[in-house]
Amino acid sequence: MYTYKKLEKVDPKNPYAPEFHGTFELSIPISSGTRTRRVIAYVPRDARESTSLVLVLGPNGKTADDLYRESEWCRIADQEENKEKLIVAFLEPENGVWHTDETYGRPDGDAAYINAAALKLTERYYFCVHESKVYAAGIGEGGILANMAVASNPAFYAGIATVGGSAVPGDYLAQARQDYCTMLDGYEDPGHRKGIRKGDVPVPAWVIEDPSAEGADVSSKNTALAHWKTVCGTTDEAHQIDPDCVEYRRSAETMYPGNQEKEACRVCSSVIEGASNDLANRLSRRIWKDFLYRQRRWMSCPGGDLRVTKDPVRDLHMEYHYEEIDGWMREWYVYLPENVRTDFQANGSSAKKVPLVLAMHGYTCSGEIYTGNSGWTQVADKYGFIVVHPTALLAHVNMPEQGLMPEYALFPAWNIFQENDRPDELSFFNQMLDRTIAQYPVDAKHVFATGHSWGSLMTQMLGLGMTDRLAAIAPCSGVFFGGSSKIMTALPDLNRFNDRQLPVWMHWGMEEDWLIPSSPEHDNETGFTLDMWMRRNGKEDMIPGNWNDLPFEANGPHKRFLDRRIEKEGTAPVWFTQVDYMPHATMPEMSFRIWEQFFSKYC
């Protein structure tokens, strides 16, 4: 019944077109795989990589097929004006009935099915959902189960909206709040080292009640609203934001201010007559655009970092470039802080020249994603420099030991191995940099490069192949991995500047051993990366017998940054930082440190 279409090859004139689009029926293993349930996913044409996912749960008696045909969600996905669009998944009750009275923690229950479906939908065989953009929307009994599932796995979701689904069993929510949160958005904490409970993890929520719905009792059964107000830390004061909607806001700072925004920890409440009629179709677009889309949960701090969504062009006023280079259309975003832009508009070529930071995203991501999670635009606002966020082109990646499967769909990945059938990244970055310097007030002596994950490999490629144009680099999750060291360091283009030194500051998390060994040894790639940059920067005599014997300083408000700074007069520094309880991620706090303590010192 359901069909999808596959792109035959990447078109240089339209290289960001997704490999797959259409409708997919997926099987969800339940109870250790002893049985399965189903979900239907709709991927609109031109949905970009690392897009949003909305799980839609209907009332009793509605199958996934019914929701697919009768709800407005497919139309909303098709008409979404934001470039990345969204994917919609339709879930269904088993035998037509959601078990709203199921016990907390039941491994084969409806809540387990919903969370298993969310996890399955974030696999990358046909499409790519970004971990910061997973949401739930439920109607009637489906809304009750949506509340239950999200309460039991809060760090996985960036928002929930329910219509007529607030009568969740109070003891279920109470148990969820007190239970330890072992899934902390990017890593597991089975030993409760951080001591985080599920009631400590905020989830933005919009609770919509329909007094005309069968069995409705908005005065006594709205346990969901009380739950979400508690976990979001909102005040009791209600702010009227629409004639039919009030908003409860958080006034206290978050645990990690800067990385987390209290403005994103909001709870809305509405009582709307007939809201649940016709699958709440008259409210669906509003639920998406006015509420769910407005928050994202970025991976980095334990439980993730809720922040308000900002579109690069519409909200941040970045300039979007889509230009042909070497026969391929390429995209990049350019950010000028207001003071830089004002000076440039007033004085043109006589405007003050300012530094430039090239900031590269990781595998499957985009310039839009890295703009949101890295916080480099905030750093630029404070210190007055230009940021460029480019996007890689689509490719297959074959690193199964690192969880990057060759059978995954085509997703953005920098051509760090200089494969002949793909564009030359050094040529692209040189030309993009030339165009940026020609068009904007860039101080060419203060150009820096940073990036996360696959972007950290691209950063190191630029450090090796464009040493003459960079003042310093800062790779985040930032060492060679997956066998990349042997290939990259053997490329002729990456050995042209072996006689030049370059300041380097590497960061990686202590919770990403699946990809990057957090403890550097001379026989693993973390240690190899450090050895290479030490030799390149004239510090071969300072390479220790055991990297872990070097003393470190614990810095930052929470002493998370374990800094080792290797200095030698007359040579470029090599610094590396292990970040405690940090998964495979990046965060604004890291970007601020890189600029304030490192990039700003070099020319």
Side-chain angles (χ1 to χ4, degrees), residues 52-53 55 104-105 111 114-115 118-119 122 129-136 146-160 173-205 227-234 249-250 252-267 292 294-309 372-375 452 477 509-514 556-561 579-590:
S52 302
L53 169 68
L55 305 178
Y104 174 76
I114 295 164
N115 287 321
L119 186 63
T122 58
V129 172
H130 196 267
E131 63 270 8
S132 69
K133 308 178 186 179
V134 180
Y135 309 91
N147 278 308
M148 294 164 71
V150 175
S152 66
N153 191 17
F156 200 82
Y157 298 89
I160 178 173
L173 295 175
Q175 289 181 67
R177 286 194 297 274
Q178 290 303 311
D179 192 13
Y180 282 107
C181 192
T182 57
M183 304 299 292
L184 290 178
D185 194 19
Y187 72 100
E188 299 180 32
D189 183 21
H192 316 143
R193 182 169 72 96
K194 293 303 299 174
I196 295 176
R197 300 182 188 272
K198 293 176 181 178
D200 300 327
V201 181
V203 182
H227 172 81
W228 297 122
K229 287 174 64 179
T230 297
V231 300
C232 286
T234 63
R249 301 169 185 169
R250 180 187 178 105
E253 280 294 349
T254 56
M255 179 67 72
Y256 302 95
N259 301 323
Q260 302 165 342
E261 295 176 351
K262 63 183 180 182
E263 293 79 10
C265 302
R266 63 187 185 122
V267 177
L292 295 179
R294 298 298 179 184
Q295 298 83 213
R296 292 179 182 173
R297 184 184 299 279
W298 299 104
M299 187 186 295
S300 71
C301 298
D305 295 335
L306 282 174
R307 295 203 289 274
V308 176
T309 301
N373 67 359
S374 67
H452 173 252
S477 289
M510 300 295 281
E511 303 291 346
E512 51 181 322
D513 267 321
W514 60 272
H558 298 271
K559 302 299 182 183
R560 297 179 64 187
F561 296 95
V579 189
D580 198 13
Y581 48 90
M582 175 82 168
H584 187 64
T586 188
M587 57 183 171
E589 185 180 359
M590 187 183 297

Looking at [atom1] of [X] and [atom2] of [Y], how far apart are the two atoms once the value is rounded to the nearest 0.5 Å?
| X | Y | atom1 | atom2 | result |
| --- | --- | --- | --- | --- |
| Ser52 | Leu292 | OG | CG | 9.5 Å |
| Glu589 | Phe561 | CD | CZ | 4.0 Å |
| Gln260 | Cys301 | CD | SG | 5.0 Å |
| Arg193 | Asp580 | CZ | CG | 5.0 Å |
| Glu263 | Leu306 | CD | CG | 11.5 Å |
| Met255 | His558 | CE | NE2 | 6.5 Å |

Task: Pair Trp298, Asn259: side-chain N/O donor-acceptor within cut-off below 3.5 Å - done: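 The criterion, which ignores hydrogens and geometry beyond distance, is not satisfied for Asn259 and Trp298.
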- [ ] Scan side-chain atoms only and decide if Asn115 and Ser152 contain a donor-acceptor pair under the 3.5 Å cut-off.
- [x]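 A donor-acceptor contact under 3.5 Å links the two side chains.
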Taking all non-hydrogen atoms of both residues into account, name the closest pair between [X] and [Y] and its distance.
| X | Y | answer |
| --- | --- | --- |
| Val231 | Val203 | CG2-N, 4.3 Å |
| Cys181 | Val201 | SG-CG2, 4.1 Å |
| Lys198 | Pro154 | O-CG, 3.9 Å |
| Arg307 | Gly372 | NH2-O, 3.0 Å |
| Phe156 | Val134 | O-CB, 3.6 Å |
| Ser477 | His452 | OG-NE2, 3.1 Å |

Going by heavy atoms in the side chains, are [X] and [Y] under 4.5 Å from each other?
| X | Y | result |
| --- | --- | --- |
| Met582 | Ser300 | yes |
| Asp185 | Arg297 | yes |
| Trp228 | Arg266 | no |
| Pro557 | Tyr256 | no |

- [ ] Verify side chain to side chain contact (heavy atoms under 4.5 Å, CB included) between Met590 and Val579, making sure each step is shown before the conclusion.
- [x] CA-CA 9 Å; Met590 187 183 297; Val579 189; 4.1 Å; yes
Task: From CA spacing to verdict: side chain to side chain contact (heavy atoms under 4.5 Å, CB included), Arg250, Cys232 - done: CA-CA 7 Å; Arg250 180 187 178 105; Cys232 286; 5.8 Å; no
- [ ] If the plane angle is over 60° it's perpendicular, under 30° parallel, otherwise tilted; pick one for Trp514 and His584.
- [x]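 Correct class here is perpendicular.
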Check whether [X] reaches the backbone of [Y] with its side chain - one donor and one acceptor, N or O, closer than 3.5 Å.
| X | Y | value |
| --- | --- | --- |
| Asp189 | Lys194 | yes |
| Arg249 | Lys262 | no |
| Arg197 | Arg177 | no |

Open item on the list: Between Tyr581 and Arg560, does the side chain to side chain contact (heavy atoms under 4.5 Å, CB included) criterion hold? Intermediate values first, please.
Closed with: CA-CA 8 Å; Tyr581 48 90; Arg560 297 179 64 187; 3.2 Å; yes
Open item on the list: Counting only heavy atoms from other residues, nucleotides and ligands, does the tally under 6.0 Å from CD of Glu253 exceed 12?
Closed with: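 Yes, enclosed.
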Task: Intermediate values then yes/no, side chain to side chain contact (heavy atoms under 4.5 Å, CB included), Glu188 and Met183 - done: CA-CA 5 Å; Glu188 299 180 32; Met183 304 299 292; 3.4 Å; yes
